[in-house]
Number of protein chains: 2
Amino acid sequence: MARRSHPSSRGRTISDVAELAGVSLSTVSRVMNGSTTVDAALAERVREAALSLNYTASPLARSLVLGKTQTVAVVVPDLANPVFQGMLRGLSSAAARQNYHVLVADSFENLEEERVLAVEARRRCDGIVLCAPRMPDEELTALLPELAPVVLINRDPSPAKASTVSADYHSGMQQLLEHLYGLGHRRIAYLPGSAAAQSNRKRLSAISEFADGHPDVMVTELQGGVGFEDGHAAADAVAASDDTAVLAFNDLVAMGLLSALSERGVRVPEDVSITGFDDIPFARYTTPPLTTASVPIEELGRQAWERLWALLNGQAPAYNLSFGPLVITRGSSGPAPAAA
Amino acid sequence: MARRSHPSSRGRTISDVAELAGVSLSTVSRVMNGSTTVDAALAERVREAALSLNYTASPLARSLVLGKTQTVAVVVPDLANPVFQGMLRGLSSAAARQNYHVLVADSFENLEEERVLAVEARRRCDGIVLCAPRMPDEELTALLPELAPVVLINRDPSPAKASTVSADYHSGMQQLLEHLYGLGHRRIAYLPGSAAAQSNRKRLSAISEFADGHPDVMVTELQGGVGFEDGHAAADAVAASDDTAVLAFNDLVAMGLLSALSERGVRVPEDVSITGFDDIPFARYTTPPLTTASVPIEELGRQAWERLWALLNGQAPAYNLSFGPLVITRGSSGPAPAAA
DNA sequence: CTGTTAGCGCGTTCAT
DNA sequence: ATGAACGCGCTAACAG
């Protein structure tokens with residue numbers, strides 16, 4: 001009798017309900033979608049039937065006919081990075097509030113795959129949030145029409161006129177430099193991130209700008225990276241230099257450096273000051289707590305969702321958004337030590 | 001002429017391709033799906049047409065007719081927790097390798113919503129990985145048939161016969177206790193997690209078991225929690241007690257405690273030893289580095305995927321898996337100080 | 001080997 | 001207010 005042996009209620013279709021309630025498919029559809037033009041008694045019968053069959057309309061079929069999936073894609077370069085985790089979290093929470101689902105794709109920094117990954121993810125969704133800091137401008141621009149509606153994170157809106165949400169890395173770095181300068185630091189090391197990343201270029205431009213305006217300070221670029229290990233590995237170079245402060249590309253690098261320095265008995269901030277970037281949740285719990293340029297990571301995700309949502313509803317694109325980081329002064333930065 | 005004003009190639013259907021290539025829909029379908037029973041010349045024409053139209057079959061339509069979405073859902077209680085992040089990462093990477101997509105849902109520890117969240121997510125996918133440490137056994141058991149195929153993470157397989165992958169928190173805690181005991185600690189504090197979580201109950205049972213076997217040690221339960229702040233807040237109680245070691249529920253709590261203790265000038269491990277749990281990536285970069293019970297977090301995700309994949313392919317459920325944590329001894333634990 | 005037909009499960013015109 | 005018929009885009013029987 002039963003079409004399936006499963007005890008579960010899955011596989012029930014709209015016509016099962018229609019049959020049980022003794023009405024037509026359309027009536028069931030109307031009731032399920034809250035159409036008011038249905039006789040109250042009939043509607044009740046349908047609801048009961050649906051309930052007893054534990055019926056819910058197939059999202060798949062609805063998606064196909066309605067032309068919308070109630071799902072958005074998020075592509076990030078590295079899910080292991082707290083910044084993207086926070087972004088995803090903010091986005092996912094905001095989307096969920098409006099009954100949207102989130103398809104997540106980690107490109108694992110794989111530049112070649114990133115493009116097809118994004119396109120594939122996008123095809124199963126209504127829109128996409130793309131976080132691809134290292135994708136070349138031209139490639140991105142070419143990709144954009146295929147992805148629309150799309151919101152970019154941490155990319156200049158310049159090349160293509162796309163909706164973007166970003167953090168102002170230039171401003172953040174500038175403030176960090178001023179902070180260190182104010183503490184008397186004149187010899188500063190910078191641990192750069194990936195050369196291809198826009199956010200690194202922004203930091204660099206802030207540095208050279210600052211250096212131009214302050215002939216008395218000297219900023220040296222050391223070997224950097226984006227993770228703990230990179231910061232850890234930079235410790236020797238830092239210790240060997242006569243820099244009194246180091247700007248790490250991000251909090252992860254700063255934490256790795258902090259840890260390695262502590263192992264070597266180098267005191268922070270007495271011997272050397274260290275600053276991070278992003279203000280990930282861990283930053284305030286390091287020893288000493290990390291001075292950093294705070295970026296509203298989750299808010300970035302939320303705003304990306306807001307913009308995507310507007311796009312999905314055919315609204316005019318909102319103004320692009322850029323958050324100016326806030327320097328949070330904690331224990332890892334202090335007055336420059338007197339010259340040796 | 002064009003049906004849409006969009007310059008994009010989206011909206012192209014299989015019949016557009018068929019028309020352009022001068023063949024029927026089925027032929028296009030066959031070519032796109034790599035059926036070998038198609039004339040080489042025709043196939044080439046179809047491929048060209050598809051390429052020139054930038055055509056790709058709609059995943060939605062395929063899903064509907066094939067009865068599979070190539071997508072799996074992952075439900076976690078808190079995306080901000082590095083443990084679930086790692087799990088998601090391992091899972092997502094493994095799934096991606098087999099061309100599966102991942103729909104992620106964060107329940108934000110909301111017990112009421114968790115159930116509907118899981119069901120809704122599941123309906124858009126082929127299967128689901130459920131990470132719901134606090135959901136009551138009965139509720140979970142009732143939910144299971146509706147979710148199948150499903151893989152559970154960190155749940156006892158006992159109540160329902162479901163596929164599970166987990167870490168052995170009992171064993172981990174036991175090893176941690178032995179580690180501390182070997183170091184001479186006899187008064188130990190435990191900072192518990194959520195009382196409802198199975199992983200907390202496992203730790204507790206390991207503790208009472210150990211206490212039973214070692215009348216000379218005394219384990220006291222203090223106010224705990226699951227995040228930084230909770231560990232941070234526990235510092236006063238820890239400092240006020242005469243315990244020489246503290247077992248934090250997880251690494252996050254341990255880090256919060258470490259940080260607060262350091263602020264108070266309490267030395268770790270000279271004055272008090274601290275252990276975490278999970279071995280999140282940050283654990284080795286704290287000051288001092290954290291002794292912890294290491295759980296192969298990403299591997300947990302990978303294995304969950306393997307099991308789900310087997311289920312999806314109708315294979316017999318694999319043996320359930322439990323990883324025995326490994327104690328990683330780092331700087332935060334040391335010999336018990338001589339009694340005051 | 002190819003084309004025609006019938007669904008997948010649903011929403012939505014059309015008539016009634 | 002309700003039902004019949006069509007179509008969303010595609011795959012898989014079935015014919016030829």
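The figures here come from the full heavy-atom set of this structure, side chains too, leaving out hydrogens, waters and symmetry mates. Letters A, B, ... are given to chains in the order of the sequence lines, protein chains preceding strands, and every chain is numbered from 1.
- Salt bridge annotation for B:Arg134-B:Glu109: present, with a cationic side-chain nitrogen under 4.0 angstrom from a carboxylate oxygen.
- Using a 4.0 Å cut-off between charged nitrogen and carboxylate oxygen, B:Arg302 and B:Glu299 count as a salt-bridge pair.
- Each of B:Val23 and A:Leu66 was matched to the nucleotide of DNA chain C holding its nearest heavy atom; the match closer to the 5' end belongs to B:Val23.
- Of the candidates D:dT11, C:dC10, C:dT2, the closest approach to any side-chain atom of A:Thr13 belongs to C:dC10.
- The only option from A:Val165, A:Val83, A:Leu91, A:Leu321 that meets the side-chain contact (heavy atoms from CB on, under 4.5 Å) definition with A:Leu300 turns out to be A:Val165.
- Between the side chains of B:Arg89 and B:Gln85, no donor-acceptor pair is found at a separation under 3.5 Å.
- Between B:Met32 atom CE and D:dA12 atom C1' there is a gap of 17 Å when expressed in whole angstrom units.
- Within 4.0 Å of B:Leu60, counting heavy atoms only, lies no atom of the nucleic acid at all.
- Atom-to-atom, CG of B:Leu25 to P of D:dA15 comes out at 20 Å; the value is rounded to the nearest Å.
- Across all strands, B:Val38 comes closer than 4.0 Å only to sugar-phosphate atoms, never to a base (heavy-atom distances).
- B:Leu64 places its CG atom 14 Å from the P atom of D:dC8, with the value rounded to the nearest Å.
- For B:Ser29, a side-chain nitrogen or oxygen approaches OP1 or OP2 of D:dT11 to under 4.0 Å.
- OP1 or OP2 of C:dG11 lies within a sub-4.0 Å distance of a side-chain N or O belonging to A:Arg62.
- Taking atom CZ of residue B:Arg123 and atom P of nucleotide C:dC8, one finds them 15 Å apart after rounding to whole Å.
- Contacts of B:Ser26 with the nucleic acid, taken as non-hydrogen atoms under 4.0 Å apart, include base atoms.
- Environment of CD in A:Glu19: sparse, with no more than 12 heavy atoms of neighbouring residues, nucleotides or ligands closer than 6.0 Å.
- Between D:dC10, C:dT2, C:dC10, one nucleotide has an atom nearer to the side chain of B:Ala57 than all others, and that is D:dC10.
- Computed from coordinates, the B:Arg124 CZ to C:dG9 P distance equals 16 Å when rounded to whole Å.
- Neither OP1 nor OP2 of D:dT2 sits under 4.0 Å from any side-chain N or O of A:Thr27.
- Taking atom NZ on A:Lys68 and atom P on D:dC8, their separation rounds to 19 Å, with Å as the unit.
- A donor-acceptor contact under 3.5 Å links the side chain of B:Arg30 to the base of C:dG3.
- Closest approach to the A:Ser24 side chain among D:dG9, D:dA4, C:dC10 is made by D:dA4 (side chain taken as heavy atoms from C-beta onward).
- Spacing between atom CD1 of B:Ile14 and atom P of D:dG7 amounts to 17 Å, rounded to whole angstrom units.
- Atoms CG (A:Asp39) and C1' (D:dG3) sit 15 Å apart, rounded to a whole Å.
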